[in-house]
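Comments concern the structure below.
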Amino acid sequence: QVQLVESGGGLVQAGGSLRLSCAASGRPDRSYGMGWFRQAPGKEREIVAAISWSGGRTYYTDSVKGRFTISRDNAKNTVYLQMNSLKPEDTAVYYCAGGRNFAIAAAFYDYWGQGTQVTVSS
């Protein structure tokens, strides 16, 4: 099965930026979409962004539009989440996921990273 390894989380001041990376190991037989989810303490896991296999279609939750950008480099088997103008409410554990090509619901994702903590201070 595909394994996902995340990196790039950390502590940042409000207004700062971080770039999360998610490297996939293994070669799936079929193309797959990728997504980023996040979960804050006491809250349900929510979709942040999703991207199709080709990169031609993207989705963002309203709260991050204009600030976050999802991208992928299939030659490197890597998906990225560039996060700019970070706010304290962005604080959460961020998860990379892969599965059915282009989906926004967690149920359609088969492979998950370990999660990486993003903390935004004010």
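Side chains are part of it too, since the values below use all heavy atoms of this structure and drop only hydrogens, waters and symmetry mates.
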Next item on the list: Return the minimal non-hydrogen interatomic distance between Ala50 and Phe102, and the atom names on each side.
Entry: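 That would be O-CE1, 3.9 Å.
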Notebook entry, point to check: How far apart are the closest heavy atoms of Pro88 and Ala14, and which atoms are they?
Noted result: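 Result for this residue pair: CD-CB, 4.2 Å.
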Output yes when a side-chain donor or acceptor of [X] lies under 3.5 Å from a complementary backbone atom of [Y], and no otherwise.
{"X": "Glu6", "Y": "Gly113", "result": "no"}
{"X": "Thr91", "Y": "Val120", "result": "yes"}
{"X": "Arg67", "Y": "Ser85", "result": "yes"}

Would you say [X] and [Y] are hydrophobically clustered, going by side-chain heavy atoms of ILVMFWY under 4.5 Å?
{"X": "Tyr111", "Y": "Tyr32", "result": "yes"}
{"X": "Trp36", "Y": "Ile47", "result": "no"}
{"X": "Trp53", "Y": "Tyr59", "result": "no"}
{"X": "Leu4", "Y": "Met83", "result": "yes"}

Are there more than 12 heavy atoms of other residues, nucleotides or ligands under 6.0 Å from atom [atom1] of [X]?
{"X": "Gln3", "atom1": "CD", "answer": "no"}
{"X": "Phe108", "atom1": "CZ", "answer": "no"}
{"X": "Arg100", "atom1": "CZ", "answer": "no"}

Look up atom [atom1] in [X] and atom [atom2] in [Y], then write down how far apart they are to the nearest 0.5 Å.
{"X": "Asp90", "Y": "Ser63", "atom1": "CG", "atom2": "OG", "result": "7.0 Å"}
{"X": "Met34", "Y": "Asn77", "atom1": "CE", "atom2": "CG", "result": "9.5 Å"}
{"X": "Gln114", "Y": "Ser7", "atom1": "CD", "atom2": "OG", "result": "8.5 Å"}
{"X": "Thr69", "Y": "Tyr80", "atom1": "OG1", "atom2": "OH", "result": "14.0 Å"}

Checklist line | For Cys96, the option from Val79, Leu81, Val5, Thr78 that meets side chain to side chain contact (heavy atoms under 4.5 Å, CB included) | finding: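 Running side chain to side chain contact (heavy atoms under 4.5 Å, CB included) over Val79, Leu81, Val5, Thr78 with Cys96 returns exactly one hit, Val79.
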Margin query: So if I apply the side chain to side chain contact (heavy atoms under 4.5 Å, CB included) rule between Leu20 and each of Val48, Ile70, Val118, which one comes out positive?
Written below: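 Among the candidates, only Val118 passes.
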Item checked: Parallel, tilted or perpendicular: rings of Tyr109 and Phe37 (30°, 60°) ->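 Correct class here is perpendicular.
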Check: Using the ring of each side chain (for Trp, its six-membered ring), is Tyr95 parallel, tilted or perpendicular to Trp112, with breaks at 30° and 60°?
Finding: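 Correct class here is perpendicular.
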Distance-only side-chain donor-acceptor flag, [X] / [Y], under 3.5 Å:
{"X": "Gln13", "Y": "Ser121", "answer": "yes"}
{"X": "Thr119", "Y": "Gln117", "answer": "yes"}
{"X": "Asn101", "Y": "Ser52", "answer": "no"}

Note to self: If you define the side chain from C-beta out and look only at heavy atoms, does anything of Lys87 sit under 4.5 Å from Val64?
What the structure shows: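 With C-beta onward as the side chain, the pair stays apart.
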Margin query: Walk me through whether Gln39 and Glu46 qualify under side chain to side chain contact (heavy atoms under 4.5 Å, CB included).
Written below: CA-CA 6 Å; Gln39 187 168 21; Glu46 64 174 352; over 6 Å; no
Next item on the list: Check step by step if side-chain hydrogen bond (donor to acceptor under 3.5 Å, both in side chains) holds for Ser17 and Asn84.
Entry: CA-CA 4 Å; Ser17 299; Asn84 298 327; 2.9 Å; yes
